[in-house]
Amino acid sequence: MRGACAVPSRVAVMAARCVRLVRRSLPALAFSLRPTPRLLCTAAKQKNSGQNLEEDVGQTDQKTDAPCAEKMLTEEKAKLEEQLKDTMEKYKRALADTENLRQRTQKLVEEAKLYGIQGFCKDLLEVADILEKATQSVPKEEVTADNPHLKNLYEGLVMTEVQIQKVFTKHGLLRLDPLGAKFDPYEHEALFHTPVEGKEPGTVALVNKVGYKLHGRTLRPALVGVVKEA
């Protein structure tokens, strides 16, 4: 019995000694496992080097992308400016064309108002010519109180001729009687040329039919005879 009890006691004593030994060795082991400042500095340097490398790569990419983006923006700006210039030129041409069309239309309307009656005026000119020939055909010596019927007829023709000329003037139709004036090819039509003593060459010596102008435009040229050098 004593031998059996002695064995556990020895085991307990050895276990206690092992525990004390382990407790004594723990601080030294912990101290040996603690990182040294040199190791910490090395790790920090490696970490910083990795971060700096990533930053350098990022900055290099940014520097590479910046000129490319700037070039693209410059090209896009130039393209937009060219489009704007082209659009402005088209806009200005359209404005000029519109203004020219407006002016031409306005001129046509004004001319239509002024010269729209020229066909009617031409027809009335024949009536005025007949009245003029009628008054010219009456012998002036026969227009006396002794011949009241002829006198009244003549005076009526003269009054009608005067009135029709007033109507012509009111509507811009003017009579051209160029006797003695300088020949103008825009207003006169020469029927013949003849030398006339005392008359300057190039002047109108005879008016066969008077002419008319409508608002400054020759509606019918005067039929005339022109003086030429002898």
Identify the two heavy atoms, one from A134 and one from S137, that lie closest to each other, and give their separation to 0.1 Å. O-OG, 2.8 Å

Are L214 and F168 connected in a single hydrophobic cluster, I mean Ile/Leu/Val/Met/Phe/Trp/Tyr linked by side-chain heavy atoms less than 4.5 Å apart? yes

Verify side chain to side chain contact (heavy atoms under 4.5 Å, CB included) between D129 and R220, making sure each step is shown before the conclusion. CA-CA 12 Å; D129 293 339; R220 188 183 75 183; 2.7 Å; yes

Could you tell me which non-hydrogen atom of H215 sits nearest to which non-hydrogen atom of H171, and how far apart they are? NE2-O, 3.2 Å

Expected list for residues 193-211: side-chain donor-acceptor pairs under 3.5 angstrom, two or more places apart:
residue	atom	partner	partner atom	Å
T203	OG1	E200	O	2.6

Count the heavy atoms belonging to other residues, nucleotides or ligands that lie under 6.0 Å from CD of E75, then report whether that count exceeds 12. yes

Quick check for you: to the nearest 0.5 Å, what is the distance between K85 atom NZ and E82 atom CD? 6.0 Å

Look up atom CE in M159 and atom CG in L157, then write down how far apart they are to the nearest 0.5 Å. 11.0 Å

Could you give the side-chain donor-acceptor pairs of residues 140-148 under 3.5 Å, partners two or more places apart or in another chain?
residue	atom	partner	partner atom	Å
T144	OG1	D146	N	3.4

Same apolar cluster: I164 and L125, side chain cutoff 4.5 Å: yes

Decide yes or no on side chain to side chain contact (heavy atoms under 4.5 Å, CB included) for K166 and Q163, but give the supporting numbers first. CA-CA 5 Å; K166 288 182 179 180; Q163 187 62 33; 4.1 Å; yes

Keeping T218 on the side-chain end and Y186 on the backbone end, is there a donor-acceptor pair under 3.5 Å? yes

Test side chain to side chain contact (heavy atoms under 4.5 Å, CB included) on K113 and V109 and set out the steps. CA-CA 6 Å; K113 291 180 180 179; V109 171; 3.9 Å; yes

Examine Y212 and Y115 and state if one hydrophobic cluster contains both, with Ile, Leu, Val, Met, Phe, Trp and Tyr joined whenever side-chain heavy atoms are less than 4.5 Å apart. yes

I'd like to know if L173 and V167 are part of one continuous hydrophobic network [Ile/Leu/Val/Met/Phe/Trp/Tyr, side-chain heavy atoms within less than 4.5 Å]. no

Considering only NZ, NE, NH1 and NH2 on the basic side and carboxylate oxygens on the acidic side, decide whether D86 and K90 come within less than 4.0 Å. yes

Is N100 reaching over with its side chain to a backbone N or O of A96, donor-acceptor style, under 3.5 angstrom? yes

Tell me every residue that passes salt bridge (charged side-chain N to carboxylate O under 4.0 Å, His left out) with D184, counting only those two or more places apart in sequence or in another chain. none

Between Q103 and E99: side-chain donor-acceptor atoms closer than 3.5 Å: yes

Common cluster, L219/L114, ILVMFWY with side-chain heavy-atom separation under 4.5 Å: yes

V226 and F183 have their tightest heavy-atom pair at CG2-CD1, 3.5 Å

